[in-house]
Amino acid sequence: MSELPVLISRDDVVRLLKNSDLIPRLEKVMGMFSKRNNAEVIQPLRTIIPLHKYNGFVGMMPAYVAHEDILATKMVSLYRRGNDSVLPAHQATVLLFDPERGNVTAVMDGTAITEKRTAAVSAISAKLLMPARAEVLCILGSGPQAVSHYEVFTEMFSFKEIRVWSRRRERAEQFASALQGPVTVCSSVKDAVVGADVIITVTLATEPVLLGEWVKPGAHVAAVGACRPNWRELDDALMREAVVYVDSREGAAAESGDIILSGASVFAELGEVINGTKPAEREKTTVFKSLGMGIQDAVSAKLVFDQWKSQL
């Protein structure tokens with residue numbers, strides 16, 4: 001009789017996935033990916049099924065990390081929902097496999113994994129690229145990704161001021177009131193952004209919401225939304241003037257509307273900076289365009305599973 005896979009809930013993923021454990025693993029696997037050694041890391045481009053009838057997309061993100069023998073795949077959906085919907089825009093499930101036998105060892109909530117690993121990678125980009133004296137953090141968006149980014153950025157860095165903007169002001173106010181520290185709710189993107197040292201965009205925008213003319217020279221932007229080739233969060237001026245970093249060149253060329261539609265050139269992958277083969281241009285305005293990677297989900301899921309087993 002085959003072994004049944006372990007089921008790991010969202011609450012358990014949140015409890016077990018600690019940034020202090022996760023971030024070094026993400027740095028290691030992204031550095032390995034950027035070496036392009038297919039014997040060590042296998043990660044095809046994300047497969048997307050568009051469901052235009054329902055205003056949504058479903059994606060599959062498989063990956064194999066040989067040095068730790070991790071085989072996993074994430075199934076993720078992204079739907080543009082009405083304001084009255086009780087369902088989140090993103091939903092995901094991660095399957096962790098035994099790579100030797102091919103059986104599923106664990107099925108776990110992938111939405112929490114996505115939220116935590118995405119925010120952790122943005123924090124890695126900030127650690128490498130943000131100004132040396134970063135005092136003002138700005139978050140554009142107020143959903144679950146805004147929460148996870150706030151948590152890891154305030155855990156890793158000390159900011160004197162944190163600002164938030166959301167299309168619906170009441171959502172921004174709810175976001176601010178639910179947090180531990182003081183957050184300023186801004187009425188416009190411009191008000192939130194001007195003078196900020198670090199800007200995080202976690203919106204569902206399909207047209208640019210962040211304009212280059214508002215961005216302080218030398219600021220760092222972690223752009224997380226706009227994961228389709230015809231969606232934008234950042235305007236042409238910002239994309240063309242900034243030094244652009246990505247998680248994957250292939251992913252950015254296929255999926256990032258901010259890069260494709262602006263014609264901006266990619267300077268480096270984050271893994272190349274981690275490896276020391278490309279410089280971190282801290283003194284310049286930088287953009288990290290995050291699209292997410294299967295290897296990030298894989299190492300996150302393995303960490304969750306190992307932590308779960310250690311508590312038995």
Side-chain angles (χ1 to χ4, degrees), residues 14 17-24 26-27 115-169 171-203 205 209-225 233-234 238 241-245 247 270 273-274 280-290:
V14 171
L17 199 55
K18 303 299 183 186
N19 289 318
S20 57
D21 298 320
L22 177 59
I23 285 174
L26 291 171
E27 290 175 328
E115 291 164 6
K116 296 206 72 166
R117 62 82 160 151
T118 304
V121 172
S122 293
I124 292 168
S125 82
K127 182 175 75 168
L128 296 170
L129 301 171
M130 74 180 185
R133 294 185 178 181
E135 297 183 345
V136 180
L137 171 66
C138 166
I139 301 175
L140 304 181
S142 58
Q145 281 286 359
V147 174
S148 61
H149 277 75
Y150 173 88
E151 289 173 347
V152 69
F153 272 71
T154 54
E155 178 182 330
M156 287 184 61
F157 313 113
S158 295
F159 294 99
K160 291 184 178 180
E161 183 182 1
I162 300 175
R163 308 169 187 166
V164 65
W165 169 88
S166 183
R167 238 178 248 283
R168 296 170 60 196
R169 185 179 177 89
R171 292 289 300 274
E173 290 172 345
Q174 290 168 6
F175 168 84
S177 64
L179 302 175
Q180 298 296 321
V183 175
T184 301
V185 176
C186 297
S187 299
S188 70
V189 175
K190 183 178 179 180
D191 288 345
V193 165
V194 169
D197 300 293
V198 179
I199 303 165
I200 301 167
T201 61
V202 280
T203 75
V209 294
L210 178 59
L211 306 187
E213 65 186 81
W214 301 333
V215 176
K216 175 182 178 180
H220 175 59
V221 179
V224 176
E233 283 188 309
L234 319 181
L238 177 55
E241 291 170 10
V243 182
V244 178
Y245 297 80
D247 42 19
L270 212 55
V273 181
I274 292 167
E281 301 280 8
R282 254 182 210 279
E283 72 285 357
K284 299 178 182 178
T285 303
T286 54
V287 167
F288 169 58
K289 179 55 209 167
S290 171

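Looking at Glu151 and Val147, their side chains come closer than 4.5 Å, going by heavy atoms from C-beta outward. Side-chain atoms of Phe288 and Val244, non-hydrogen and from C-beta on, never get closer than 4.5 Å to each other. Between Ser142 and Gln174 there is no side-chain heavy-atom pair separated by less than 4.5 Å. Side-chain contact check for Ile274 versus Leu128: some heavy-atom pair is nearer than 4.5 Å. In this structure, Thr285 and Leu238 have side chains that are in contact, with non-hydrogen atoms separated by less than 4.5 Å. Looking at heavy atoms from C-beta onward, Val136 lies in side-chain contact with Arg163 at the 4.5 angstrom threshold. Side-chain contact check for Met130 versus Arg282: some heavy-atom pair is nearer than 4.5 Å.
What you find for Ile23 and Ala120 is that their closest heavy atoms are CG1-CB, 3.9 Å. Residue Trp165 comes nearest to Ser188 through the heavy atom pair CD1-C, 3.5 Å, listed as atom of the first residue, atom of the second, then distance. Of all heavy-atom pairs spanning Gln145 and Ala119, the tightest one is OE1-N, 4.3 Å. The two residues Arg171 and Gly143 make their nearest non-hydrogen contact at NH2-CA, 4.4 Å. For the pair Leu211 and Val215, the tightest heavy-atom approach, listed with the atom from each and the gap, is O-CG2, 3.6 Å. Nearest heavy-atom pair across Ile162 and Phe159 is CG1-CB, 4.3 Å.
Counting non-hydrogen atoms of other residues, nucleotides and ligands closer than 6.0 Å to CZ of Arg167 gives a total of 12 or fewer.
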(request) Any chance you could lay out the side-chain contact (heavy atoms from CB on, under 4.5 Å) test for Val194 and Lys216, step after step, and finish with the verdict? (result) CA-CA 7 Å; Val194 169; Lys216 175 182 178 180; over 6 Å; no
(request) Just do the salt bridge (Lys or Arg N to Asp or Glu O under 4.0 Å) check on Arg168 and Glu173 with the steps written out, would you? (result) CA-CA 9 Å; Arg168 296 170 60 196; Glu173 290 172 345; over 6 Å; no
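With Leu137 as reference, Ile200 is the one residue of Ile200, Asp197, Ile199 to meet the side-chain contact (heavy atoms from CB on, under 4.5 Å) rule. Checking Leu210, Val198, Val193, Thr286 one by one against Val221, the side-chain contact (heavy atoms from CB on, under 4.5 Å) holds for a single residue, Leu210.
Rounding to the nearest 0.5 Å gives a distance of 11.0 Å between CG of Asp247 and CD1 of Ile124. Between the OG atom in Ser20 and the CD atom in Glu155 there is a gap of 6.5 Å [rounded to 0.5 Å]. Interatomic distance, CD of Glu161 versus CD of Glu135, reported as 9.5 Å (0.5 Å rounding). Atom SG in Cys186 sits 11.0 Å away from atom CD1 in Ile139 (nearest 0.5 Å).
Ring pair His149/Phe153 is parallel by interplanar angle, where below 30° counts as parallel and above 60° as perpendicular.
A donor-acceptor distance shorter than 3.5 angstrom exists from the side chain of Glu233 to the backbone of Thr203, with no hydrogens or angles considered. Judged by distance alone, the side chain of Thr118 and the main-chain N or O of Glu115 form no donor-acceptor pair under 3.5 Å. With hydrogens and angles disregarded, a donor-acceptor distance shorter than 3.5 Å links the side chain of Lys116 to the backbone of Leu17. Remark: side-chain polar atoms of Ser290 are not paired, donor with acceptor, to backbone N or O of Val224 under 3.5 angstrom.
Ion pairing of Glu241 with Lys284 is absent here, as no side-chain N (NZ or NE/NH1/NH2) approaches a carboxylate O to less than 4.0 Å.
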